[in-house]
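Okay, so here's the structure we're looking at.
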Amino acid sequence: MKLNKNGWGFLEFFFFLIVFVVCLIGAFQGLKKLGIMDDNYQFINDTNNTSTNKENKEEKPIISYPSLEEKLVKSAQKYIEEYYDNKLGLDTLNIRASQLKSSGHLEKLEDTKGRTCSGYVSVYVDVDGNNVYKPYLKCKEYTTSGYEERKDD
């Protein structure tokens, strides 16, 4: 980038403009991933937006991903109590969300936008003899750290 008495040239300006647009797109994608913006690039907590949503639609309760994971754990606890009488072997047992649904221990697993999520719960016995439940959830915009697709549906 060579400056002369006339300032920046067209090539330098065009390069700067491309870098700026790429950074701007990256910032918007990051805000969407954090849940601050929706798919239409509008802020979720915008006061104008919430007033129109209240008038047009019924509001759904806000469901967080940790609460969905907790729902998976509670369903798995009931499942283990019913089918295994809380007595597990030494191996880790993976209970899929589809198993919990078909056995009647879990109704539905949906995020705030009504999209279906999948997942599983890994259950094992620790050194003290207690059952340990580790939930793994996969939704469109969220995946629990350590999730393995081969253990899911």
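Everything quoted here is computed from the prediction, not taken from an experiment.
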**Request:** Work out which heavy atom in Thr116 is nearest to a heavy atom in Lys101; give both atom names and the distance.
**Result:** CG2-NZ, 4.0 Å
**Message:** Donor-acceptor pair, distance only, cut-off 3.5 Å: does the side chain of Asn131 make one with the backbone of Val125?
**Reply:** no
**Message:** Between Gln29 (side chain only) and Gly26 (backbone N and O only), is there a donor and an acceptor less than 3.5 Å apart?
**Reply:** no
**Asked** When you check the side-chain N and O atoms of Glu149 and Tyr120, is any donor under 3.5 Å from an acceptor?
**Response** no
**Message:** Evaluate Glu69 against Tyr142 for side-chain contact (heavy atoms from CB on, under 4.5 Å), listing each step before the verdict.
**Reply:** CA-CA 11 Å; Glu69 290 173 346; Tyr142 174 81; 3.0 Å; yes
**Message:** For Lys108, is there any backbone N or O sitting under 3.5 Å from a side-chain donor or acceptor partner on Lys71?
**Reply:** yes
**Candidate pair Leu93 and Ile95, rule side-chain contact (heavy atoms from CB on, under 4.5 Å), full reasoning** = CA-CA 6 Å; Leu93 177 65; Ile95 306 169; 4.0 Å; yes
**Prompt:** Side chains of Tyr136 and Asn94: is there a donor and an acceptor less than 3.5 Å apart?
**Reply:** no
**Prompt:** Residues in salt bridge (Lys or Arg N to Asp or Glu O under 4.0 Å) with Glu82, at least two apart?
**Reply:** none
**Message:** Applying side chain to side chain donor-acceptor pair (under 3.5 Å), can you list everything that pairs with Ser103, at least two apart in sequence or on another chain?
**Reply:** His105
**Request:** Step through the shown structure and confirm whether more than 12 heavy atoms of other residues, nucleotides or ligands are within 6.0 Å of CZ on Phe13.
**Result:** no
**Request:** Could you pull out the closest heavy-atom pair between Leu106 and Ser75, with the gap in Å?
**Result:** CD1-OG, 3.4 Å
**Message:** Does anything in residues 81-124 form a disulfide bond (SG atoms under 2.5 Å apart)? List the pairs, not counting sequence neighbours.
**Reply:** Cys117-Cys139
**Message:** Within the structure provided, determine whether Leu109 and Leu72 are in side-chain contact (heavy-atom separation under 4.5 Å).
**Reply:** yes
**Item:** Aromatic ring pairing Phe16/Phe20, orientation class (parallel under 30°, perpendicular over 60°, tilted between)
**Value:** parallel
**Message:** Quick check against the 3.5 Å criterion: does Thr144 have a side-chain atom that pairs as donor or acceptor with the backbone of Leu137?
**Reply:** yes
**Message:** Using only atom types and a distance under 3.5 Å, with no angle test, would you say the side chain of Asp111 pairs donor to acceptor with the backbone of Lys113?
**Reply:** yes
**Message:** Between Tyr124 and Tyr133, does the ring-ring contact (aromatic ring centres under 6.0 Å, His included) criterion hold? Intermediate values first, please.
**Reply:** CA-CA 7 Å; Tyr124 61 92; Tyr133 298 86; 9.1 Å; no
**Prompt:** Under 3.5 Å, is there a donor-acceptor pair between the side chain of Tyr79 and the main chain of Tyr84?
**Reply:** no
**Distance (rounded to the nearest 0.5 Å) between Lys138 NZ and Ser118 OG** = 6.5 Å
**Item:** Single-linkage hydrophobic cluster, 4.5 Å side-chain cutoff, Val123 and Val132 together
**Value:** no
**Pair Lys78-Glu81, salt bridge (charged side-chain N to carboxylate O under 4.0 Å, His left out): steps then yes or no** = CA-CA 5 Å; Lys78 291 176 187 174; Glu81 185 178 320; over 6 Å; no
**Prompt:** Hey, are Glu141 and Lys32 close enough for a salt bridge, meaning a charged N less than 4.0 Å from a carboxylate O?
**Reply:** no
**Message:** I need the Ser67 OG to Lys74 NZ distance, nearest 0.5 Å.
**Reply:** 10.0 Å
**Prompt:** Is there side-chain contact between Phe28 and Cys23, with heavy atoms separated by less than 4.5 Å?
**Reply:** no
